[in-house]
Structures are given as C-alpha cells and as structure tokens.
Amino acid sequence: MPLGAYRITALLDGMAPLGRPFFFGPDEGAIDAKLAEMGLGPDLLPAPVTAYLLRSDDRTILIDAGMGEVDLLGPGFGRVAAALGAAGVAPGDVDTVILTHAHPDHLGGLVADGAVVFANAELVMAEAEAGFWLDAGMMAQAPTEAQGLFQLAQTVVEAYSDRVTRVADGAEVAPGVRLILSPGHTPGHAVLRIDGGDRQLLMLADTLHSADLHTAMPDVGFGFDVDPAAAAHSRRRLFEEAASDGVLIAGSHVHFPGFGRIQRAGDAFRYAPASWL
Ligand SMILES: [Zn+2]
C-alpha cells in the first residue's frame, strides 16, 4: 500500500485459531446475537498474525516480527522471515524494528535459536511496555500461565540490549512515524500514526482481535487483554480518531492484508476493508 514517502507491505506470519471463547462480556448473549447477525459462527473468528514492512528510499522498518519459533497457538507460524525475503528484504537490511507490544506473536520472530535475527536493527518500544515486562516485581505478581510471556519478553530485549530504544508516548520513532500509547491490551501497548505525506495510516496493532466484532461491540474483552476495561477505552478513542480523520487503518489481527477504514455506525463502528492499492 503506497503512503507517499513510504510503502507499507503486509507480512503474514500465520493464522491464529481464535474462536468465540476468546471474547467475553459485558453481555455474552449480545455477543452471540451480534455474531449471528453478521453471519459469523463461533468458529468463524480466526485471525491473521500480520507484521508490516515500512520502506522509504532510505529506511527499512519492520513493525513487529511475528511468532517466530514460539509455540503458543499451534503450528503454521513464523512466516515473517520468508515473507520479508519475498518482498526483497534480507534480515540484515532492516534498520529499525518497532514493537507495538511485547506479546509472543509480535516479538517471537526477533530471535531464532537464541540469536538476534535482525543484526543491524535498532529495537524501538514504548518505555511503559518495556518497564512492565522487564519488572521483576510485576513478573512475581503475575499468574503462573503468564510467566512464559515475561520470560520471552526479557530474553528478546536482552538479546537486543545494546540496541534497544525505549520511547515515551507521542515520540517520533522514524520520520513521520509517531508512537502513541493505547494501554489496556498490555500496559504499554502502542499504535503507530504513519504520515507518508500523501496519506496517513493508523497501525492499530492489537486494538482489534476481530475486525467485525470489535468495531460493532468495542467494549467486548479479549482473552489476552491485561486490562480489558482500559483496552475498551483505548479502542473507542482510536476508533473515534480513525472515523473522524477517515485515515487508513491497519491491524495485526485484521483480515489480511489488514488495510481498511473504521466508520461510525450508530453508537458503535463498522470495519470497511480497503482495496490493496
Ligand atoms: Zn497480537
């Protein structure tokens, strides 16, 4: 998708076998009714895991890196490396990796066999996100099933330790690329506002886990949300912004390749896919 000075390319890492149990509250019956109204059965919610390549004449930026070798949601992941190759980019060509948040399907692909994959890249992430996952006290308070998430985030950030840049809310992390905190899914979850000159794009990362359901019912929680209420608040704020500005959006788990627009629909929203060009 051309964005003026940039061109953004969707890289499919794999398909997450999401289904109805990943989504919850505040009104379970209303969720079922909405899915039926949209023609979506309980098994019809699989979501892609998508990373994005952002290129200009002098920058090669990777936005998230997919699951890599991590076995969290079954087989079939770790295709970002091959997708990059198909786009004509070698791992050593990537100058910057911007991490939207430190979940395995976004950072797993940063390491392979314990070694860094993107040997020449600076790793950029929100200070609030790094601070949470690298905090021994937070890890100690987290439930047993979340310990692996902390360990993986720490392993990856340590591997890139001399090249990690932690940034504040609103930081310009590349020319025309601004990182905006949208806490909830994780404490330092961030979206990217990309201004390529001709066109703007809001990369919403994990604001949506079902483009259809989350636009229709922005308050629906998702299983991996650290703070579902905060995530819903961030979701509504970002949907308002995307609808008001009419900007293109992209998402990590929006129907591949993930480019579209958010439109107002009553007191909620609707997702409208964009053509690829
Ligand atoms: Zn995700």
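These values consider heavy atoms only, across backbone and side chains, with no hydrogens, waters or symmetry-generated copies. Every number for a ligand or one of its atoms is a count from 1 in the order of the listing. Keep in mind that what you see is a predicted model, and the values were worked out from it rather than measured.
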Legend entry - R235/D219 ion pair, N-O < 4.0 Å: no

Inset, instruction - Please work out whether the ring planes of F23 and H214 are parallel, tilted or perpendicular, with thresholds of 30° and 60°. - result: perpendicular

Inset, instruction - Of all N, O or S atoms in D105, identify the one at the shortest distance from the Zn ion (ligand 1). - result: OD2

Inset, instruction - Name whichever N, O or S atom of D206 ends up nearest to the Zn ion (ligand 1). - result: OD2

Legend entry - Ring geometry between H253 and H106 (parallel below 30°, tilted from 30 to 60°, perpendicular above 60°): perpendicular

Inset, instruction - Identify the residue among L62, I8, V89 that makes a side-chain contact (heavy atoms from CB on, under 4.5 Å) with R55. - result: V89

Inset, instruction - Please note down the angle at the Zn ion (ligand 1) between NE2 of H106 and NE2 of H253, to the nearest 10°. - result: 110°

